[in-house]
Every structure is written in C-alpha cells, then in structure tokens.
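Notes to accompany the following structure.
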Protein chains: 2
Amino acid sequence: MAKVDTSLVAHLPLFAGFKAEDLEEILREARSARYPKNSAIFEQGADAHAFFLLLHGHVRAAKTTPTGEQIVVRYVAPGETFGIAMAIGLAQYPATATAVDDSVVLIWPTAAWPRLVERFPSLASSTLLTVGSRLQESHTRILEMSTQQVEQRVAHALLRLAKQSGKKLDHGIEIDFPISRQDIAQMTGTTLHTVSRILSGWESQGLVESGRQRIILRDPHKIVILAERNPDSGPA
Amino acid sequence: MAKVDTSLVAHLPLFAGFKAEDLEEILREARSARYPKNSAIFEQGADAHAFFLLLHGHVRAAKTTPTGEQIVVRYVAPGETFGIAMAIGLAQYPATATAVDDSVVLIWPTAAWPRLVERFPSLASSTLLTVGSRLQESHTRILEMSTQQVEQRVAHALLRLAKQSGKKLDHGIEIDFPISRQDIAQMTGTTLHTVSRILSGWESQGLVESGRQRIILRDPHKIVILAERNPDSGPA
DNA sequence: CCCATAGTTTGCGATAGCGCAAAACGGGCC
DNA sequence: GGCCCGTTTTGCGCTATCGCAAACTATGGG
C-alpha cells in the first residue's frame, strides 16, 4: 500500500476544507494503480468493489445495451472521481471504464465508503454536489438530443471536451487525448459516418483540423456560433 | 406555520432510520401548501428559495431552451422530493415545476438545508441516493434516445409512468394523472404528431385505450415486448 | 344547452440522417 | 521498408420521422 502525497489531491473540491491530517487519514485507505492505454478499469455489471479518483490520464465511461450498442457516458478528466456506484446505491457498476491514455488512479475499496462518510460527513455533501452536476449535464444532453440536430450536438460535444480537456495551442485548442469519430458519435447519438462527414465539412471551412483519433479546434468561436444557431434561422 | 403529522412521511426512504423526535424537528422547519391543477410551483431560472416534498398529487418538471422548446425532465410522484437545486449546488432552479393535478407539498426554505444536513448527516447520504438514481435514469434515457426508435421509446416511457404512477384496473393499468400527447413527446424526444400516430396504432391493436390526457395500458405485456424488440428482428 | 378552447387525429410531402459498401489512409510492428 | 489493421472518408439509396395544415372532438364555462 503505497503512501500517497496529499499535495496531489488537497486542492480538489471533493476535499475542500479538509485538514492535512484528515486528508492523510482518507488517503491511507487508498492505493494507487496505473492503467495502460486501452486497458479496462472495470466492466459494466461487475461488482462495485471500489471507487476511483483519476490523477493522470483520461478515462472513458461507456454503457452498453443488451444488443451491443454503446454510448459514451462521459470522459473523466484528472481530479474527477468515477466508479462511485455504491455511493449512489448500486452494487454493480452501471458502465464500463476504460483508460484511453496511460492513466494513474487512486482506488478505495467500496467498504471504506460508509466508514469515511461517517467520519467525514462533508464527503457526502461534496459527492452530492458532483453527482448533482453530472445530473445537470445529463439533462442538458437530453435537451440537446431532443431539440437539436446532429451538427449542433457534435459542436457542443467538442466544445465541452475542449473546455474540459483542451490543450491551448498557438492557434486553436487540441483535445488532449485520443478520440475517434466513433467515440464522438456515441456521445451525440449518431453514427461515425455522420460525424466524419460533419468534420470533413468543418475541415474544409478551416474550423477544425483533425485526423486519426485527433481533433484540433482551429476556430472555436465559429464553432460556438454553429452550436447555438437555430436550425431554421440563417441560410446554409 | 401548520403542524405536520410525522406519520405522513415517516415511511419514506428519505427519512429511513429517523427517530420520531428528529423527524418532528425536521418537519418543524417546513410548511405545507396546496397547488391547484395547472399552477406553477416554481419557474426555471428563479432563485431557489425552497425545496419540496410532494405529499399528494403529481408535479411535472420541465426544462425550456432559449428558443422555447421544452422537454419533460420527470414526473414527480407522492413521496418524492423536488426542487432540491441548492443541495446540488445551484442557486437557481434548472427547471420549471407545475402541478398537473391538485397537489399538496411540504416546503423547506433553502436556508434550512445546511442546518439540517449538519444536524442529520444521513440526510445528505439519502439525498445522494435519490440524486444518484435520477442520474441513472437520465443515462438510461440517453441510451434509449441514442439507440432506439421512437415507438420503443414511447413504450418505455409509458411503462415507466405506469410503474411509478399506475392505477391497477380490472383489465389494464391507467396512468393516474392527466398527460397529453405533447407531454409524452417531450419525454421521448419526438413530436406530438408522432406520439398520436403511435397510440392510434396501438389502440387499433387493443394494446391501449386512450383519450384526452388519459391513457390506459390494456396489454402491458405486449407493450413490454414492443419496448424490447430489436428494431430489425421480427416482421411488422 | 351551446360555444370556445385545448387537445387529438390524420394526410401529405420533404429531408436529415441512417445503413450498407467500398475505397483510401495512416501508423505501428516485424 | 513493407505489410496489416484499425480508422476515416465518401457515395448512394432508403426510410423513419418531422413539419405543416386542416379537420375533428371532447370538456368546461357561461
């Protein structure tokens, strides 16, 4: 059980207001682990034996239907928790988590949660805040899927990814982990073909520059406009 | 400030494990109010000055886009909380709540929440459970919108409503509050026209019986089959 | 009892986006 | 340096579903 440096996590909202010694007590229950690119962290349906905090890398959470279709629930960025199934009353993971890049995580055994919450009640409140904001995002996504067309949804998805995990370049923003057309399709409820067509279109207008699992927003502002444009307002 | 009878709420999961006197202490901070059918309880964007527990009736939570389109986030059944924006870190309500039937609610001022949580930490944990299960439902909804066609989504929506608020009849299940084609469209990401066509079709097959803001599932089992059927499996 | 209103049904194009298929491409591995 | 595999691109027909328009019908109020 490796010692974890508190300085790595002290600034996270999850631990806001914790004293150094409390933090240490919490971290003592965790171990850290490294997951190489494309390795599975846990599988949908498996017993939720642990919950996680991402330190480095990027993790994709995806949900699969009985018939094998997938959607991407979200991408986890460093500093975020994931796999907190048990905190919300689930005995099994509702989704599959995969490292999309070499990643480092902290792992707490599920059994530690009730103990920690009892000792540090504010953990429950902060977790409530994070879960609440994920609920918000889900509602936004439902709203978009109900009212917008595919191009706008893709625009929104890319902007969110850029905000969450964008690397600022001299001219533009690059999404900082490998992501395929298929992934974007699964985030926006469409097919990889349609995503490919949309990106090709944008590329020819100089809005983006993209290739194999790689996307750079060259003109974020114009993409914002695209994302917000009312379908039947301006001409093509 | 009317006295509220603890027996009305003691059995709710939210208050599981509370002693009678604790419960009384909590209820002392609440007042109750009655909202007539079709009246607004709070508006999207308004300051979240209170949170609510529905005692009788039914409440619709809906979200509106800047361009005026709406989706139904959920229907609230008796015993459920709603308007808990501030518990998840929001200063304004993210949706509009409307009583779809004459309704009675308990109302706590937002200011009471931090105090209550400090005094009764398990409130945060139970709220975490409810918010978590709503997150689950949202993900399910996103999955359905991404992978299923409209008819299946409508089937699922009606089955969920029937389970949550269905009144068992001699032969079938009636959804126990007024709900229009438009409402169902806004729950499933389609138009009232398409919903109407689908219900007409089902009606002629004897699966449902419906009219003005009224739906009875006459053959729930066949609807389950419809909901689960793989789009390109059986013949029409 | 009749009218006004909100909800529902239905017809008829129009079309965004899917689904299939095939080709081009790019990277990494041996 | 060449090959293999996963990813991306693109063409083309198809259809589920939308959007508009118009007729129809309960329901509650006066």
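In what follows, chains carry the letters A, B, and so on, assigned in the order in which the sequence lines appear, proteins first and then strands, with residues in each chain numbered from 1.
Residue-level contact check: A:Ser196 touches the bases, meaning some heavy atom is under 4.0 Å from a base atom.
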Sequence-aligned protein contact record of nucleotides 21-30 of chain D, with B where the base is within under 4.0 Å of a protein heavy atom and S where only the sugar-phosphate is: B----BS---
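The terminal axes of the helix from C:dC1-D:dG30 to C:dC30-D:dG1, fitted over 5 pairs per end, subtend an angle of 40° to the nearest 10°.
Take A:Ala87 and apply the side-chain contact (heavy atoms from CB on, under 4.5 Å) test, not counting sequence neighbours, and it matches A:Ile84, A:Trp113, B:Leu128. Evaluation of the ring-ring contact (aromatic ring centres under 6.0 Å, His included) rule for A:Tyr75 yields A:Phe177 as partners, not counting sequence neighbours. Annotation: side chain to side chain donor-acceptor pair (under 3.5 Å) contacts of A:Gln136 (sequence neighbours excluded): none. Partners of A:Phe82 by ring-ring contact (aromatic ring centres under 6.0 Å, His included), not counting sequence neighbours, listed by chain and number: A:Phe52. Residues that satisfy the side chain to side chain donor-acceptor pair (under 3.5 Å) test with B:Ser180, not counting sequence neighbours, are B:Asp183.
Here D:dT10 presents its C1' atom at 18 Å from CH2 of A:Trp202, a figure rounded to the nearest Å.
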Considering only nitrogen or oxygen atoms on both sides, find all protein atoms under 3.5 Å from nucleotides 14-18 of chain D and state each distance.
from   : atom 1 : to       : atom 2 : distance (Å)
D:dT17 : OP1    : B:Val150 : N      : 2.8
D:dC18 : OP1    : B:Thr190 : OG1    : 2.8
D:dC18 : OP2    : B:Thr190 : OG1    : 2.7
D:dC18 : OP2    : B:Thr194 : OG1    : 2.3

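A salt bridge does not link A:Glu80 to A:Arg134: none of the charged side-chain nitrogens sits closer than 4.0 Å to a carboxylate oxygen.
Of the residues in residues 177-186 of chain A, those with a non-hydrogen atom less than 4.0 angstrom from any atom of DNA chain D are A:Ser180, A:Arg181. Residues from residues 61-68 of chain A placing a heavy atom under 4.0 Å of any atom in DNA chain D do not occur.
Residue pairs that meet the side-chain hydrogen bond (donor to acceptor under 3.5 Å, both in side chains) test with at least one member in residues 36-53 of chain B, sequence neighbours left out, are B:Asp47-B:Gln92. The list of side-chain hydrogen bond (donor to acceptor under 3.5 Å, both in side chains) pairs with a residue in residues 195-209 of chain B, not counting sequence neighbours, reads B:Glu151-B:Trp202, B:Glu203-B:Ser210, B:Glu209-B:Arg218.
With hydrogens and angles ignored, the 3.5 Å screen pairs no side-chain donor or acceptor of A:Thr188 with any backbone N or O of A:Val154.
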